[in-house]
Amino acid sequence: GNRGDELVHEDSPPGEGFLAEVCREWEAAVGPIEKKMRVVKIRTGMVLSSRGGALARMLPPFKLGLGGKLGSGQQYMSWVTLDDLVQIIEFALNNRAVSGPVNAVAPHAVTNTQFTRTVGKVLRRPTIFFVPAFVLKLILGEMAEEMLLSSLRAHPSQLEKHGFAFTHPDLTTALTDLLSRRN
């Protein structure tokens with residue numbers, strides 16, 4: 001759900017909205033299993049990969065110099081690279097002390113404006129354009145609000161507590177690495 005600039009940890013109360021409700025119901029469904037065995041509930045942010053997904057869809061306008069922020073640009077984006085996500089899953093499987101909810105996100109969430117500027121910087125392209133919120137809502141309806149305009153600043157407190165080391169803890173090095181692999 002939309003949490004503004006609030007820093008959200010694994011023990012924070014759930015947010016509101018369709019995606020928050022889906023997560024709440026999904027996690028509740030494993031409740032009976034938790035009484036019998038260790039359960040880890042991986043909560044992922046936007047997964048960045050050199051092989052496709054959200055990043056691949058964003059790159060064409062950025063490469064043409066048409067990249068820009070979405071809505072106000074102040075909404076936080078919690079992200080993780082695919083490489084780190086795989087390592088997080090392996091870490092959770094092999095570390096018996098890890099259980100319950102785990103925010104599988106890099107330790108430094110960024111605003112949409114920061115994300116936009118970083119992609120532009122790494123690609124050496126301008127990022128002067130923007131897409132107003134009303135245009136996104138006209139095109140995507142409610143999903144624009146849920147996926148592009150809501151703000152979630154999640155923090156990987158459980159991973160930090162258990163000593164997980166991110167390969168890509170910050171966006172600049174993550175994008176530099178990922179975009180160098182795209183050829």
Side-chain angles (χ1 to χ4, degrees), residues 1-58 70-72 74-112 114-115 133 136-137 139-171 174 178:
N2 189 356
R3 304 298 281 266
D5 64 356
E6 175 188 358
L7 191 59
V8 178
H9 303 274
E10 287 87 349
D11 60 356
S12 297
E16 299 298 323
F18 173 74
L19 294 177
E21 185 63 30
V22 167
C23 291
R24 195 170 24 255
E25 289 181 20
W26 187 258
E27 290 185 1
V30 299
I33 298 169
E34 288 182 289
K35 295 174 181 151
K36 299 176 183 176
M37 66 180 63
R38 178 175 70 101
V39 173
V40 179
K41 302 170 185 174
I42 305 284
R43 298 172 175 171
T44 60
M46 178 175 57
V47 180
L48 302 178
S49 170
S50 62
R51 297 181 279 263
L55 185 59
R57 290 189 180 118
M58 292 179 213
L70 303 177
S72 72
Q74 296 307 304
Q75 64 274 26
Y76 273 90
M77 303 168 65
S78 296
W79 60 274
V80 65
T81 63
L82 180 60
D83 295 337
D84 276 334
L85 179 58
V86 170
Q87 291 175 14
I88 289 167
I89 293 168
E90 182 179 15
F91 182 80
L93 284 168
N94 294 323
N95 188 335
R96 300 212 38 87
V98 177
S99 67
V102 172
N103 289 338
V105 296
H108 306 290
V110 294
T111 65
N112 179 264
Q114 292 167 322
F115 185 89
L136 292 169
K137 290 176 187 176
I139 295 169
L140 300 171
E142 184 181 327
M143 289 313 291
E145 193 70 46
E146 288 278 335
M147 298 186 73
L148 301 175
L149 300 172
S150 67
S151 181
L152 181 60
R153 187 179 171 205
H155 189 76
S157 302
Q158 287 294 329
L159 293 172
E160 285 184 349
K161 174 183 166 185
H162 295 292
F164 179 79
F166 285 87
T167 301
H168 301 108
D170 71 90
L171 188 61
L178 293 174

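- Listed for the N95 side chain is no donor-acceptor partner under 3.5 Å among the backbone atoms of F91.
- In this structure a side-chain-to-backbone donor-acceptor pair under 3.5 Å is missing from D84 to F166.
- Side-chain atoms of E146 come within 3.5 Å of backbone N or O of L19 as a donor-acceptor pair.
- For the atom pair L149 CG and Q75 CD, the distance stands at 5.5 Å (nearest 0.5 Å).
- The two residues P107 and P169 come nearest to each other via the heavy atoms CD-O, 3.7 Å.
- Of all the heavy atoms in F115 and V110, the pair that sits closest is CB-CG2, 3.9 Å.
- With values rounded to the nearest 0.5 angstrom, I88 atom CD1 is found 5.0 Å from L159 atom CG.
- Looking only at distances, no side-chain donor or acceptor of N112 sits under 3.5 Å from a matching main-chain atom of Q74.
- Of the inter-residue distances, the one linking F164 atom CZ with H162 atom NE2 reads 13.0 Å to the nearest 0.5 angstrom.
- The heavy-atom pair separating I42 from A92 by the smallest distance is CD1-CB, 4.4 Å.
- A side-chain donor-acceptor contact under 3.5 Å links S78 to the backbone of L152.
- Of all the heavy atoms in D5 and S151, the pair that sits closest is N-OG, 4.5 Å.
- Q114 is not listed as a side-chain neighbour of L171, based on a closest heavy-atom distance of 4.5 Å or more.
- Atom CZ of F18 is separated from atom CE of M147 by 10.0 Å, given to the nearest 0.5 angstrom.
- A donor-acceptor contact shorter than 3.5 Å is absent between the side chain of R51 and the backbone of A56.
- The two residues R38 and V98 make their nearest non-hydrogen contact at NH1-O, 2.7 Å.
- Remark: side-chain polar atoms of R153 are not paired, donor with acceptor, to backbone N or O of R3 under 3.5 angstrom.
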- Message: Go through it in stages, so that I can follow the logic: the residues are K41 and E10, the test is side chain to side chain contact (heavy atoms under 4.5 Å, CB included), and I'd like the CA-CA distance, side-chain angles, deciding distance and then a yes or no.
- Response: CA-CA 10 Å; K41 302 170 185 174; E10 287 87 349; over 6 Å; no
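- Under a 4.0 Å N-O distance rule, the pair E27/R43 qualifies as a salt bridge.
- Annotation: the span from L136 atom CG to E145 atom CD amounts to 9.5 Å, rounded to 0.5 Å.
- The minimum heavy-atom distance linking A109 with A154 is given by the pair CB-O, 4.4 Å.
- Between atom CG of residue L178 and atom CG of residue L82 there is a gap of 9.0 Å, rounded to the nearest 0.5 Å.
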